[in-house]
Amino acid sequence: MTDADKNEMIVTPWEVKGKIDYERLIREFGTQPLTEELLKKLEKHTGELHLQIRRGLFFSHRDLDTVLDLYEKGTKFVLYTGRGPSGPVHIGHLVPWILTKHLQDKFNTRLYFQITDDEKFLVDDENKLADMTRYGYENALDLIALGYKPEDTFIIYDTKDIDLLYDIALEVAKRITYSTARATFGFQESTNLGWVFWPAVQAAPCFIHRKLTGENVPALIPAAIDQDPFWRITRDIAQKLGYHKPAQIHCRFLPGLGQGGKMSASEPETSIFTIDPPDVVKHKIWNAFTGGKGTAAEQKKTGADPSICTIYQYFTYLFEEDDEKLAERESRCKAGEILCGECKKDLVVRINKFLAEHQKKREKAKDTLEKFHIKR
Ligand code: TYM
């Protein structure tokens, strides 16, 4: 395999590989960049823009402008996002859930959260359904630990709650041809039948609010860009079924701790899981790829490169809220005034502080889990 093959970009809901070119994804997926003008519109409702938006972690959208226009005219929206429970949650998964919480607080709106144990069972021969279902409940604790309120948060566990989704999924599935699904998702002759139908199940929560309340309002979906193919096919048929097209706001991938690539549960050594103990976090961060030089002497002389450094990106996207302090870290790094060991040490402290709190809240969430289960 040549280096060019290794770097070839693949972004699907089930595989992310190679060097990710986000501009190219906007063009190829046909999404829109988040413009200054749109961000100003958002800011009118949220006050200061959330760190993840201000710093460009969220970079693209579909119909966010339409949703805000409707909101200004008095039509609310609901939020929708989810998790495919194939193992423990890592801090990359938390990224869209953190922004979703911010939007829920600012717009005072409902969240539907889908846990797709069925998806994870179907897409991997090795996965057992009972294990995926069990991870689903485990992963829900991570969502709740972020501070969501049960009154406004409706968790849908697919295999348990399929009765709520099935009629909507059928309406969706009937209007999407196999050839569209194959072109969108890359299905093969060998793809199992469950998987081919499955995208209709991820589409269903976009429309569930009307069924539960009678209100026909759009859904806004914060998620990483890998989930976009689902929304492309759902948007095509939404209006035929009398619904608003679901809108999206897309984030980049939080990188793993290695060189290149997203944080991915299939590479545990370069992922920080929310259940990792402090010494494991320390070990992983200590081995992380940075923009540092071969020797301390060289780095002091010529400086390092924060633009390729995983540690710096974690500060940027999650662990340094103060813009001035972040800028100071960047300039000191470039000037060779701070070495990688110091940044790593600081990051270990921040992550472990965050995880200690998160793990406590996650334990407490066990008592309230049932309150978040979607009400019928
Ligand atoms: P899943 O479990 O693969 O991922 C959960 C959410 O995390 C996002 N994500 C990331 N975001 C930032 N950095 C990363 N490294 C990273 N890795 C994953 C995903 O985009 C996703 O938003 N099929 C879905 C479950 C689902 C869903 C939804 C997701 C059902 N309905 C609606 C989003 C919106 C899945 O397997 O997600």
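Since the structure is predicted, the reported quantities are computational estimates derived from the model, not experimental observations. As the structure lists them, so they are numbered: ligands from 1, and atoms in each ligand from 1.
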Sequence neighbours excluded, which residues qualify as side chain to side chain contact (heavy atoms under 4.5 Å, CB included) partners of Val280?
Asp276, Pro277, Lys284

Aromatic centroids of Tyr148 and Trp97 separated by under 6.0 Å
no

With hydrogens left out, which residues have an atom under 4.0 Å from ligand 1, given that only heavy atoms count?
Tyr80, Thr81, Gly82, Arg83, Gly84, His90, Gly92, His93, Pro96, Gln114, Thr116, Glu119, Lys120, Gln202, Ile221, Ala223, Ala224, Asp226, Gln227, Trp231, Arg252, Phe253, Leu254, Lys262, Met263

Salt bridge check, Arg362 against Glu138: does any charged N sit closer than 4.0 Å to a carboxylate O?
yes

In terms of heavy-atom contacts, Thr153 and Lys375 come closest through O-NZ, 3.9 Å

Of all residues at least two apart in sequence or in a different chain, which pass the ring-ring contact (aromatic ring centres under 6.0 Å, His included) check with Phe59?
Tyr22

Those residues that, when tested against His45, pass ring-ring contact (aromatic ring centres under 6.0 Å, His included) (two or more places apart)
Tyr71, Phe107

